[in-house]
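Any value given below was found using the heavy atoms of this structure, including those in side chains, with hydrogens, waters and symmetry copies removed. Naming convention: chains lettered A, B, ... in sequence-line order (proteins, then strands); numbering from 1 in each chain.
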Amino acid sequence: MDTAAAIAAILASVRRIPAGRVSSYGEVAARAGLKGRARMVGRVLGMAPADDPVPWYRVLKSDGRIAFPLGSDAFKQQVRHLRKEGVRVSKTGRVDLATHAWTVGQSLDELLWG
DNA sequence: AGCGTGACAAGGT
DNA sequence: GACCTTGCCACGC
């Protein structure tokens with residue numbers, strides 16, 4: 001898959017994350033058919049165009065922490081976005097994945113009994 | 001082509 | 001938790 005297709009797949013993958021849930025760079029890449037290219041997800045989101053909005057703030061590191069430096073503007077903005085959707089974020093930028101991580105299983109549960 | 005750098009990940013100390 | 005190492009991939013020099 002070429003770069004342009006990879007970018008499109010990544011953006012589509014990020015857009016699939018439901019509001020109020022989070023995912024990781026690695027999972028986003030995997031769901032885009034780009035296993036092992038977590039770093040590319042960060043690159044693509046960094047280029048995210050304003051006229052083509054993507055919920056970049058729903059993407060965290062694999063350990064559930066925000067990828068930006070604590071206290072940076074981007075960090076604070078991400079915290080604000082997440083909390084607005086009901087995601088609990090600690091002062092140090094940590095999110096409990098067991099509670100908020102998006103998984104196919106949880107989506108099915110919500111569809112069936114949610 | 002080589003090398004450093006980075007919104008990463010996984011495993012170990 | 002804070003680091004380190006290894007593997008990874010795209011970019012810019």
Exercise. What nucleic acid atoms does A/Arg65 come within less than 4.0 Å of, heavy atoms only: base, sugar-phosphate, or nothing?
Worked result: sugar-phosphate

Exercise. Quick one: A/Tyr25 OH to B/dG6 P, roughly how many Å, whole number?
Worked result: 15 Å

Exercise. For the residue pair A/His81 and A/Tyr57, does the interplanar ring angle fall in the parallel (under 30°), tilted (30 to 60°) or perpendicular (over 60°) class?
Worked result: parallel

For this session: Would you please confirm or rule out a distance under 4.0 Å between OP1 or OP2 of C/dG12 and any side-chain N or O of A/Arg43?
Result: no

For this session: Would you mind telling me which of C/dG7, C/dA10, B/dA9 lies closest to the side-chain atoms of A/Met40?
Result: C/dA10

Exercise. Across the strands shown, which category fits A/Gly26 at heavy-atom distances under 4.0 angstrom: base, sugar-phosphate, nothing?
Worked result: sugar-phosphate

Exercise. Rounded to whole angstroms, how far apart are CZ on A/Arg39 and C1' on C/dC9?
Worked result: 8 Å

Exercise. What's the CD-P distance between A/Glu27 and B/dA9, to the nearest Å?
Worked result: 9 Å

Exercise. Please give, in whole Å, the distance from B/dG6 P to A/Phe68 CZ?
Worked result: 14 Å

For this session: Could you work out the separation of B/dA7 and C/dG7 based on their P atoms and round it to a whole Å?
Result: 22 Å

For this session: Quickly work out the A/Leu34 CG to B/dC8 C1' distance and round it to whole Å.
Result: 14 Å

Exercise. Rounding to a whole Å, what distance do you find between A/Asp2:CG and C/dA10:P?
Worked result: 11 Å

Exercise. Which of the following nucleotides, C/dC11, B/dA9, C/dC9, is nearest to the side chain of A/Lys61?
Worked result: B/dA9

Exercise. Should we say atom CZ of A/Arg83 is surrounded by more than 12 heavy atoms from elsewhere, each under 6.0 Å from it?
Worked result: yes

Seminar exercise, completed: To the nearest angstrom, the NZ-P distance between A/Lys35 and C/dC8 comes to 14 Å

Problem set entry | Gap between atoms CD1 and P, on A/Ile7 and C/dC9 respectively (whole Å) | 17 Å

Seminar exercise, completed: Of B/dA10, B/dC8, C/dC9, the nucleotide closest to the side chain of A/Ser62 is B/dA10

Problem set entry | A/Arg37, nearest nucleotide to its side chain (from B/dC8, B/dA7, C/dA10) | C/dA10

Exercise. A/Gln78 side chain to A/Val59 main-chain N or O, any donor-acceptor pair under 3.5 Å?
Worked result: yes

For this session: Check the surroundings of atom CZ in A/Arg65: do more than 12 heavy atoms from other residues, nucleotides or ligands lie under 6.0 Å from it?
Result: no

Exercise. Under 3.5 Å, side chain of A/Arg58 to main-chain N/O of A/Val14, donor-acceptor pair present?
Worked result: no

